[in-house]
Amino acid sequence: MYSMEEFIQKIADIANMKLGESYKVKVHTIEKINTGKQTALIIMDNRGNISPNFYPGSFYSGYISGVYTIAKVADIVINEYHSIKGIIQDNKETAMHLSEKEWVNERLFIQLINNNQNTSFLNDAVYSDYAGLSLVLYVLVSDDGDGIAKVKVTKNMCRNFGWEEKEILAYALENTVKLFPAEVCTIEKRLGRFMNIEAGDITITDSQDFDGIGLMVLSNKRGMYGATAVFYPGVLRNIAEKKGTGLFLIPSSIHEFIVIADNGLYVPQDLENMLMEVNSTEVTLDEILSDNLYYYSYENGRLSILNAESKEQVVL
């Protein structure tokens, strides 16, 4: 029985043999959000085309139990590569633009992640920290409606383009607002999107009242990486003014925050317990944002970590 490292190398060896001399299968290690270093395979053809990462390690338990042979996993990786080869070809020209400052500049955006779980990932990243969260700089390579392709901006890339980190992060946040406009909707609306059920929603530009709405979801109109919207200028102030009170903010994933008006009906400790339970049972590891409960003060407009027991606020 092979170890995980030997298992992946054997898959690469078999895939190399099956694909022939026109291709090269390589093993490499990459840094993933929240999960740290992972071993992946890339398949390059002799023209040096871009390849996505494949993670055969997910099949390791099946290999141990006898469900998969190494040859079978190699076939799965090869078939997956061929199924997306056309997409890879289409994106090759787009990816070449990553060396063009003007092209990159128009596509800069910010993604919010947990900083304590991603210290290694953030080593070469361009980012700002906010009380347990990091605003990380990315380039939007493509957005086809089904998914987003993005590339993390490194410190070296930032230097090569002549950017000052603080200034480019501020610009990127403004650009994120344009690329991914904020949206506030009901829980029902959010769930309805996944179930193809129509439901009313509220955007931050609507003048209608928020009265009667319990749990709200703050994200963006794409519903992807929308937790960043909590830092959009004026968004929390807009919601708080409509409710006339402070806001509890639950970081339910990297894609959204749940927003609850502090109207005396909710106990902070209960919200914090709910957050931790959901993170441990419902949210995939790579999409967990934080176990911290946050609070937006209606009186002073400050966003902070909220200690549920003492209601002590750590101002950002």
Checklist line | N16 side-chain N/O to V25 backbone N/O, donor-acceptor pair under 3.5 Å | finding: yes
Item checked: Any donor-acceptor N/O pair, N118 side chain to F121 backbone, under 3.5 Å -> no
Next item on the list: Compare every heavy atom of K72 with every heavy atom of Y68, then report the nearest pair and how far apart it is.
Entry: CD2-CG, 4.0 Å
Next item on the list: Mind running side-chain contact (heavy atoms from CB on, under 4.5 Å) on V104 and W163 for me, showing each step along the way?
Entry: CA-CA 12 Å; V104 170; W163 291 330; 3.7 Å; yes
Check: N115 and L133: which non-hydrogen atoms are nearest, and at how many Å?
Finding: ND2-O, 3.5 Å
Note to self: Using the rule given for side-chain hydrogen bond (donor to acceptor under 3.5 Å, both in side chains), can you reason through S134 versus D129, listing the C-alpha separation, both sets of side-chain angles and the distance that settles it, and then say yes or no?
What the structure shows: CA-CA 4 Å; S134 289; D129 281 341; 2.5 Å; yes
Notebook entry, point to check: Is D75 paired with K18 through a side-chain N to carboxylate O contact shorter than 4.0 Å?
Noted result: yes
Next item on the list: Find out if a path of hydrophobic residues (ILVMFWY) with successive side-chain heavy-atom gaps under 4.5 Å connects L265 to L271.
Entry: yes
Notebook entry, point to check: Atom CG in L293, atom CE in M276: separation rounded to 0.5 Å?
Noted result: 11.5 Å
Checklist line | Student check: side-chain heavy atoms of K37 and I30 closer than 4.5 Å | finding: no
Note to self: If hydrophobic clusters are built by linking Ile, Leu, Val, Met, Phe, Trp and Tyr wherever their side-chain heavy atoms come under 4.5 Å apart, do I11 and I64 end up in the same one?
What the structure shows: yes
Check: Looking at side-chain heavy atoms only, is the closest gap between F109 and V177 below 4.5 Å?
Finding: no
Next item on the list: State whether R222 and E183 are salt-bridged, where the test is any N-O pair (Lys NZ or Arg NE/NH1/NH2 against Asp/Glu carboxylate O) under 4.0 Å.
Entry: no
Note to self: Distance check, rounded to the nearest 0.5 Å: L140 atom CG versus L108 atom CG?
What the structure shows: 10.0 Å
Next item on the list: Would you confirm whether S304, through its side chain, and L306, through its main-chain N or O, come within 3.5 Å as a donor-acceptor pair?
Entry: no
Note to self: Any non-hydrogen side-chain atom of V136 less than 4.5 Å from a side-chain atom of I110?
What the structure shows: no
Note to self: Consider side chain to side chain contact (heavy atoms under 4.5 Å, CB included). Of T281, N273, N279, which one does E277 pass it with?
What the structure shows: T281
Notebook entry, point to check: Counting only N and O atoms by type, is there a donor-acceptor contact under 3.5 Å from the side chain of N34 to the main-chain atoms of I288?
Noted result: yes
Margin query: So, taking the atom named OG in S253 and the one named CD in E282, what distance separates them when rounded to the nearest 0.5 Å?
Written below: 12.5 Å
Check: Taking atom types as modelled and ignoring hydrogens, do the side chains of D286 and T284 form a donor-acceptor contact shorter than 3.5 angstrom?
Finding: yes
Margin query: Treating S65 as the side-chain partner and G62 as the backbone partner, does any N or O pair qualify as donor plus acceptor under 3.5 Å?
Written below: yes
Item checked: I250 CD1 to D291 CG distance, which is reported to the nearest 0.5 Å -> 12.0 Å
Check: Is there a donor-acceptor pair under 3.5 Å between the side chain of K150 and the backbone N or O of Y138?
Finding: no
Note to self: Taking Y55 as the starting point, is it possible to reach F7 by hopping between hydrophobic residues whose side chains are less than 4.5 Å apart?
What the structure shows: no
Item checked: Whether R107 side chain and S142 backbone form a donor-acceptor pair below 3.5 Å -> no
Notebook entry, point to check: If you look at every heavy atom in V153 and C158, which pair is closest and at what distance?
Noted result: CG1-N, 4.4 Å
Check: Does the N114 side chain pair with the main chain of L289, one donor and one acceptor, at a distance under 3.5 Å?
Finding: yes
Next item on the list: Could you tell me how the ring of Y225 sits relative to the ring of H255: parallel (under 30°), tilted (30 to 60°) or perpendicular (over 60°)?
Entry: tilted
Check: Heavy atoms, side chains only, cut-off 4.5 Å: are K178 and P181 in contact?
Finding: no
Check: Nearest heavy-atom pair of A261 and K243: which atoms, and what distance?
Finding: CB-CE, 3.5 Å
Margin query: Would you say NZ of K10 has more than 12 non-hydrogen atoms from neighbouring residues, nucleotides or ligands within 6.0 angstrom?
Written below: no
Notebook entry, point to check: Hey, quick one: are Y63 and M4 part of the same hydrophobic cluster, counting side-chain heavy atoms closer than 4.5 Å, chains of contacts allowed?
Noted result: yes
Note to self: Checking S120 against E31 for the side-chain hydrogen bond (donor to acceptor under 3.5 Å, both in side chains) test, could you report, in this order, the C-alpha distance in whole Å, the side-chain angles of both residues, the deciding distance, and whether it holds?
What the structure shows: CA-CA 8 Å; S120 181; E31 200 79 35; 3.2 Å; yes
Next item on the list: Look up atom CG in L135 and atom OG1 in T228, then write down how far apart they are to the nearest 0.5 Å.
Entry: 6.5 Å
Notebook entry, point to check: Is there a side-chain contact between N53 and H28, using heavy atoms and a 4.5 Å cut-off?
Noted result: yes
Note to self: Can you classify the ring geometry of Y130 versus F231 as parallel (below 30°), tilted (30 to 60°) or perpendicular (above 60°)?
What the structure shows: tilted
Check: Is there a side-chain contact between F54 and E80, using heavy atoms and a 4.5 Å cut-off?
Finding: yes
Item checked: M17/D13 under side-chain contact (heavy atoms from CB on, under 4.5 Å): CA gap, chis, key distance, verdict -> CA-CA 6 Å; M17 181 181 65; D13 294 341; over 6 Å; no
Next item on the list: Give a yes or no on this: more than 12 heavy atoms of other residues, nucleotides or ligands lie within 6.0 Å of atom CD of E241.
Entry: yes
Notebook entry, point to check: Does a side chain donor of either K152 or Q111 reach within less than 3.5 Å of an acceptor in the other side chain?
Noted result: no
Note to self: Quick check on K26: does its NZ atom have over 12 non-hydrogen neighbours (other residues, nucleotides or ligands) under 6.0 Å away?
What the structure shows: no
Item checked: Check: T39 main-chain N/O paired with T29 side-chain donor or acceptor under 3.5 Å -> no
Check: Going from CD1 on I168 to CE on M157, what distance comes out if it is rounded to the nearest 0.5 angstrom?
Finding: 10.0 Å
Check: Considering all heavy atoms of both residues, which atom of A182 and which atom of A229 are nearest to each other, and what is their separation?
Finding: CB-CB, 4.1 Å
Checklist line | Check: Y298 side chain, D262 main-chain N or O, donor-acceptor pair, under 3.5 Å | finding: no
Checklist line | I113 and Y127, any side-chain heavy atoms less than 4.5 Å apart | finding: no
Next item on the list: Please report the C-alpha distance between F257 and M216 in whole Å, then the side-chain angles of each, then the deciding distance to 0.1 Å, and finally whether the side-chain contact (heavy atoms from CB on, under 4.5 Å) criterion is met.
Entry: CA-CA 8 Å; F257 269 83; M216 297 167 281; over 6 Å; no
Checklist line | Trace of the side-chain contact (heavy atoms from CB on, under 4.5 Å) decision for F248 with Y294 | finding: CA-CA 6 Å; F248 295 114; Y294 289 81; over 6 Å; no
Margin query: Are the side chains of V230 and V235 in contact, using a 4.5 Å heavy-atom criterion?
Written below: no
Margin query: Looking only at the side chains, is there a donor atom on one of R302 and Y295 sitting less than 3.5 Å from an acceptor on the other?
Written below: no
Checklist line | Heavy-atom closest pair, residues S252 and V283 | finding: O-CG2, 3.5 Å
Item checked: Connected via hydrophobic side-chain network under 4.5 Å: V267 and I260 -> no
